Amino acid sequence: MIETLEPFRVELTGYCYRVLGSGSEAEDAVQETLVRAWKAYDTYDSARASLRTWLYRIATNICVDMQRSAQRRALAVDLGPSGGALDAPLLENVFVQPVPDALVLPEDQAIRRETVRLAFVAALQLLPPRQRVVLILRDVLAWQAAEVASLLEISVAAVNSALQRARATLRVVDAGEAFDPVDPAQKSLLSRYCEAFARHDVATLVSLLHEDATMSMPPFSWWLRGRDLISLALSDPEASCAGAWLEPVRANGSPAYWQMRPGLDQPFGLVFVDVRDGLVTGVTTYLNVDELLPLFREGS
């Protein structure tokens, strides 16, 4: 029985992650899905639905139930105006959380890596749970409208209506540019950024930024927009990254790095670098490393 269900774990985790915006919550949802499926397997009717559809129905119900009592996860740039003081950290459930690629991207679905980017997952959180599910199943996983209607036990017309509303919402959201790991221009930009970071060469780092680039550090709501403000922050002696360096890690289908610092026996932060048109448009450094490391060790 377990052998029959286990092959669906990674794709289900990817689905639940897009719905929930948290790798740990997605893992919990999938574990509960497989437990419920195992307990109810004797009632499964293959004539009514494929095993995949049946599992997705269970996972969807679990995710929707989890969303009823949760606030919408977001990125720091969605929580308020830029600037201000670096106040007390917020709870983990405020932010869209990173996830290792291996937990959410089956090898045959690597082409969909752009749909687990932080900005895209954050944009999905703007949608009501039902619309979110419909858009993920239709536009990300390429299910047919009739399949989604069967899973949700609604009409095809209702599926199409929910999809239209979801698409309309996302059209006004800038989810950023997908990362192409074989694009030589992007690879060169990221290489120069990492080299400048290791040298603590603030002038070069700033030269690689878009004029409207952003910088944030969850779990703090504080963030900055603009090359000049970021330059001041990078040059602040009390916040210096001198001596630190970046080590690549596969996360969210994006350019991601562990920030390492001398004297520490674990990473200081998990850094995401957004790129567009040959420049860095955003740098997000997750500082809740103690919470992230177990998930990434499991996904390595």
Side-chain angles (χ1 to χ4, degrees), residues 74-86 95-96 98 101 113-114 117-123 173-264 267-287 289:
L75 299 177
V77 297
D78 302 320
L79 297 178
S82 65
L86 195 65
F95 298 95
V96 170
D101 286 355
R113 67 177 60 250
E114 70 274 8
R117 290 181 302 114
L118 291 169
F120 184 79
V121 175
V173 178
D174 182 6
E177 179 180 297
F179 171 57
D180 182 354
V182 299
D183 183 333
Q186 289 187 351
K187 291 172 64 176
S188 174
L189 173 64
L190 293 169
S191 177
R192 284 180 287 149
Y193 185 89
C194 290
E195 291 170 1
F197 185 91
R199 298 193 307 269
H200 193 54
D201 183 348
V202 174
T204 298
L205 286 173
V206 172
S207 74
L208 299 176
L209 298 177
H210 188 277
E211 62 181 357
D212 290 325
T214 62
M215 182 173 74
S216 61
M217 295 190 304
F220 298 97
S221 60
W222 172 92
W223 65 282
L224 297 176
R225 182 186 298 279
R227 187 186 292 143
D228 292 341
L229 289 177
I230 295 175
S231 176
L232 288 174
L234 293 176
S235 302
D236 184 349
E238 295 185 4
S240 175
C241 293
W245 68 97
L246 301 176
E247 293 186 356
V249 58
R250 295 184 178 274
N252 288 83
S254 304
Y257 308 88
W258 291 119
Q259 185 190 135
M260 312 301 296
R261 292 192 172 188
L264 296 183
F268 175 78
L270 178 58
V271 181
F272 287 87
V273 181
D274 298 320
V275 299
R276 173 181 285 171
D277 299 330
L279 292 170
V280 173
T281 58
V283 180
T284 303
T285 303
Y286 283 84
L287 300 178
V289 170

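Sequence positions, counted from 1, serve as the residue numbers for this chain. What you see is a predicted model; the values in this text were computed from it and never measured.
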- Query: Could you go step by step and tell me if Leu287 and Phe268 meet the side-chain contact (heavy atoms from CB on, under 4.5 Å) rule?
  - Reply: CA-CA 7 Å; Leu287 300 178; Phe268 175 78; 3.8 Å; yes
*State, yes or no, whether a side-chain contact exists between Tyr257 and Trp245 at a heavy-atom distance under 4.5 Å.*
no
Margin query: Could you check whether any side-chain N or O of Ser191 sits under 3.5 Å from a backbone N or O of Ser188, counting only pairs where one atom can act as donor and the other as acceptor?
Written below: no
CG of Leu270 to OG1 of Thr285, rounded to nearest 0.5 Å, is 8.5 Å
Mind listing the side-chain donor-acceptor pairs of residues 215-223 below 3.5 Å, one per line with the distance, residues two or more places apart or on another chain?
residue, atom, partner, partner atom, Å
Trp222, NE1, Gly84, O, 3.4
Trp223, NE1, Gly80, O, 2.8
Trp223, NE1, Pro81, O, 3.4

Closest non-hydrogen atoms of Leu79 and Ala74, given as atom of the first, atom of the second and distance, are CD2-CB, 4.0 Å
Note, Val280 side chain near Leu189 side chain (heavy atom, < 4.5 Å)
yes
When every non-hydrogen atom of Cys241 is compared with those of His200, the smallest separation belongs to N-CE1, 3.7 Å
Stepwise, does the side-chain contact (heavy atoms from CB on, under 4.5 Å) test hold for Val283 with Val271? CA-CA 7 Å; Val283 180; Val271 181; 3.8 Å; yes
Tell me, do Phe197 and Gln259 make a side-chain contact under 4.5 Å, heavy atoms counted? yes
Counting N and O atoms only, with roles assigned by atom type, does the side chain of Asp78 sit under 3.5 Å from a partner on the main chain of Leu75, one being a donor and the other an acceptor? yes
side-chain hydrogen bond (donor to acceptor under 3.5 Å, both in side chains) filter on Arg199, not counting sequence neighbours, yields Asp201
Looking only at heavy atoms, the pair that brings Ala256 and Ala251 closest together is CB-CB, 3.9 Å
When rounded to the nearest 0.5 Å, the distance separating CG of Asp228 from CD of Glu211 is 9.5 Å
#### Entry: pair Phe95-Thr284: side-chain heavy atoms closer than 4.5 Å
no
Legend entry - Side chain Asp212, main chain Gly226, donor-acceptor under 3.5 Å: no
Smallest heavy-atom separation, Gly253 atom then Arg117 atom, equals O-CG, 4.3 Å
Rounding to 0.5 Å, atoms CD (Glu195) and CG (Leu208) come to a distance of 10.0 Å
- Item | Flag side-chain contact, heavy atom, 4.5 Å: Asp101 against Arg113 | yes
Kindly indicate, with the supporting measurements, whether the criterion side-chain contact (heavy atoms from CB on, under 4.5 Å) is fulfilled by Tyr193 and Leu205. CA-CA 6 Å; Tyr193 185 89; Leu205 286 173; 3.6 Å; yes
dist Leu224:CG -> Thr214:OG1 (nearest 0.5 Å) comes out at 9.0 Å
- Task: Without swapping roles, check the side chain of Arg227 against the backbone of Leu209 for a donor-acceptor pair under 3.5 Å.
- Result: yes
Value for CZ (Phe120) from CD (Glu114), rounded to nearest 0.5 Å, stands at 8.0 Å
Shortest non-hydrogen pair, Asp180 vs Gln186, comes out as N-OE1, 2.8 Å
So CZ of Arg225 and OG1 of Thr281: to nearest 0.5 Å the spacing works out to 10.0 Å
